Amino acid sequence: MSTRIAFLKGHGTENDFVIVPDPENTLDLTPAAVAALCDRRAGIGGDGVLHVVRSAAHPEARSMAAEAEWFMDYRNGDGSIAEMCGNGTRVFARYLQHAGLVDEGDLAIATRAGVKSVHIDKDGCITVGMGSARLPEGDVTVSVGERSWPARNVNMGNPHAVAFVDDLAHAGDLFGPPPFSPAAAYPEGVNVEFVVDRGPRHVAMRVHERGSGETRSCGTGACAVAVATARRDGADPAVTGTPVTYTVDLPGGRLVITERPDGEIEMTGPAVIVAEGEIDADWLENALH
């Protein structure tokens, strides 16, 4: 390990990340190292780490190297490995542009969930292809205190329960996971979104992410909310042949979600690089003991 390690800090609708450029995959980012970097009091602080590696240099991405030069080796804040992060993908693309590695326009980014199509707009927004949603059948209910609501089961590669409420304050503090039923609907837990209307094709939401509590933003959650709201409103692009777009306000900012007739969901939003510097390798080594 070199004496100092370059890093950047970025966020997408306040979903924040430590960015570690490592084109040739020379750093040993152990789970403990990632958790130390993401520690908000003793480290740099972040919801996760974006490890930037050339696809050809990473064993999990070599098969995608012909389609995408760069691999987003994404890690959760606790050090665990994740397949995909929508907000993280936008920040990853912004880093590549910031570093002069890509220009405005279309690019492909390799992830553990496959190659994702990304577009960097001239106005600064970034659009990520998020794949399609599945809508498992069956009634689901979520509860907070004495209140309960029917919820729409939406799967974006991870599970979501979308409940429409009269007031976002009814979601409570969201420190603990809101109870749901039936238990068989989500055997591995669920992300729960509480949604209110703001106007035509415009909603606001709060989210409890399983294992994390309430977060400032959830990209897959915003996609799930847009799909659930479209179906509630009687809109299904696969039936009408017309794309449908919703504006989704989150505590950390605004995302625009479009569902296309072929099922592909596109998420558009900001991505900001806020700082760059160097990690002291001795600190990182000591943090692991």
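Please read all numbers here as calculations on a predicted model, not as lab measurements. The residues of the chain are indexed from 1 along the displayed sequence.
The backbone N or O of A235 lies less than 3.5 Å from a partner atom in the side chain of R231, making a donor-acceptor pair. Between the side chain of R216 and the backbone N or O of E14 there is no donor-acceptor pair closer than 3.5 Å. Checking side-chain atoms of Y186 against main-chain N and O of H160 turns up a donor-acceptor pair under 3.5 Å. Within the 3.5 Å criterion, the main-chain N or O of G105 finds no donor-acceptor partner in the side chain of K122. A donor-acceptor pair under 3.5 Å links the side-chain atoms of R206 to the main chain of L168, judged by distance alone. At least one donor-acceptor pair under 3.5 Å links the side chain of R94 to the backbone N or O of A271. A distance-only check finds no donor-acceptor pair linking the side chain of D121 to the backbone of D123 [under 3.5 Å]. Remark: side-chain polar atoms of D16 are not paired, donor with acceptor, to backbone N or O of H11 under 3.5 angstrom. Proximity of a side-chain donor or acceptor of D197 to a complementary backbone N or O of G199 within less than 3.5 Å is not detected. Looking at S181, its side chain never comes within 3.5 Å of a backbone N or O of A183 through a donor-acceptor pair.
The heavy-atom pair separating E193 from N191 by the smallest distance is OE1-O, 3.5 Å. Nearest approach of V190 to A161, heavy atoms of both residues: CG2-N, 3.6 Å. Between V18 and G45 the shortest heavy-atom distance is CG2-O, 3.7 Å. Scanning both residues, N153 and P136, for their nearest heavy atoms gives O-CD, 3.4 Å. Shown here for T220 and M156, the closest heavy-atom pair between the two residues is O-CG, 3.7 Å. Counting all heavy atoms, side chain and backbone alike, P237 lies closest to P243 at CB-CA, 4.4 Å.
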Query - side chain to side chain contact (heavy atoms under 4.5 Å, CB included) between F180 and T141, intermediate numbers included - result: CA-CA 5 Å; F180 62 86; T141 301; over 6 Å; no

Report task. Could you walk me through whether V20 and L27 pass the side chain to side chain contact (heavy atoms under 4.5 Å, CB included) test, one step at a time? Result -> CA-CA 9 Å; V20 181; L27 297 176; 3.6 Å; yes

**Report entry** Pair S148-S143, side-chain hydrogen bond (donor to acceptor under 3.5 Å, both in side chains): steps then yes or no
**Finding:** CA-CA 4 Å; S148 62; S143 304; 4.6 Å; no

Query raised in the report: Which is it for V91 and I19 under the side chain to side chain contact (heavy atoms under 4.5 Å, CB included) test, yes or no, and what are the steps along the way?
Result: CA-CA 9 Å; V91 176; I19 305 161; 3.8 Å; yes

**Report entry** Intermediate values then yes/no, side-chain hydrogen bond (donor to acceptor under 3.5 Å, both in side chains), H98 and E276
**Finding:** CA-CA 11 Å; H98 174 85; E276 52 187 310; 3.0 Å; yes

Report task. For side chain to side chain contact (heavy atoms under 4.5 Å, CB included), just list the numbers for I5 and E278, CA-CA rounded to whole Å, side-chain angles, deciding distance to a tenth of an Å, and then say yes or no. Result -> CA-CA 5 Å; I5 303 161; E278 294 180 325; over 6 Å; no

Requested in this report: Dump the intermediate steps for side-chain hydrogen bond (donor to acceptor under 3.5 Å, both in side chains) on E209 and T215, then the final yes or no.
Outcome: CA-CA 7 Å; E209 290 195 62; T215 58; 2.5 Å; yes

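Donor-acceptor pairing under 3.5 Å is recorded for the side chains of T13 and S217. H51 and D22 form a side-chain donor-acceptor contact under 3.5 Å, judged by distance and modelled atom types alone. In summary, the side chains of D233 and T229 do not present any donor paired with an acceptor at a separation below 3.5 Å, with no hydrogens or angles considered. Side-chain N/O atoms of S80 and D78 include a donor and acceptor closer than 3.5 Å. For the residue pair D249/H202, the side-chain donor-acceptor check at 3.5 Å is satisfied.
I257 contributes atom CD1, which lies 7.5 Å from atom CE of M130 (distance to the nearest 0.5 angstrom). Rounding to the nearest 0.5 angstrom, the gap separating the CZ atom in R75 from the CD1 atom in I81 is 5.0 Å. To the nearest 0.5 angstrom, I279 atom CD1 is 12.5 Å from D282 atom CG. Here the CG-CE distance, from N158 to M84, works out to 10.0 Å after rounding to the nearest 0.5 Å. To the nearest 0.5 Å, the span separating CG on N286 from CG on L284 amounts to 9.0 Å. Atoms NE2 and CE, from H58 and M64 in turn, are 9.5 Å apart once rounded to the nearest 0.5 Å.
Two residues are said to be in side-chain contact when any heavy atoms from C-beta on lie closer than 4.5 Å; Q97 and E104 meet this criterion. Contact check for V162 versus V195: side-chain heavy atoms found under the 4.5 Å cut-off. Counting heavy atoms from C-beta outward, L101 and Y95 have side chains that approach closer than 4.5 Å. In this structure, the side chains of V227 and E259 come closer than 4.5 Å at one or more pairs of heavy atoms. Residues V192 and V207 are not in side-chain contact: their nearest non-hydrogen atoms beyond the backbone lie 4.5 Å or more apart. Taking the side chain as every heavy atom from C-beta outward, P159 and R210 approach each other to under 4.5 Å. Inter-residue side-chain proximity for R152 and L135 is flagged as met; some heavy-atom pair is nearer than 4.5 Å. Here the side chains of C85 and L50 are not in contact, with every heavy-atom distance at 4.5 Å or above.
For residues 62-72, the set of pairs meeting the side chain to side chain donor-acceptor pair (under 3.5 Å) definition, not counting sequence neighbours, comprises R54-E69.
Following chains of ILVMFWY side-chain contacts shorter than 4.5 Å, one cannot reach F71 starting from I126, and the two form parts of different hydrophobic clusters. Criterion: ILVMFWY side-chain heavy atoms under 4.5 Å apart, direct or through other members. Under it, M267 and I109 are part of a common hydrophobic cluster. Side-chain heavy atoms closer than 4.5 Å link hydrophobic residues (I, L, V, M, F, W, Y) into clusters, and following such links, even through other members, never connects V142 to F164. Put simply, V244 and V256 are part of two different groups of oily side chains (I, L, V, M, F, W, Y) that touch within less than 4.5 Å, one to the next. Clustering ILVMFWY residues whenever any of their side-chain heavy atoms sit less than 4.5 angstrom apart, transitively, puts V165 in the very cluster that holds L174.
Within a 6.0 Å radius of CG in D166, other residues, nucleotides and ligands contribute 12 heavy atoms or fewer.
Between H170 and W149, the two ring planes are parallel [angle under 30°; tilted spans 30° to 60°].
At least one cation-pi condition fails for R112 and Y74: the charged atom is not both under 6.0 angstrom from the six-membered ring centre and inside a 45 degree cone around its axis.
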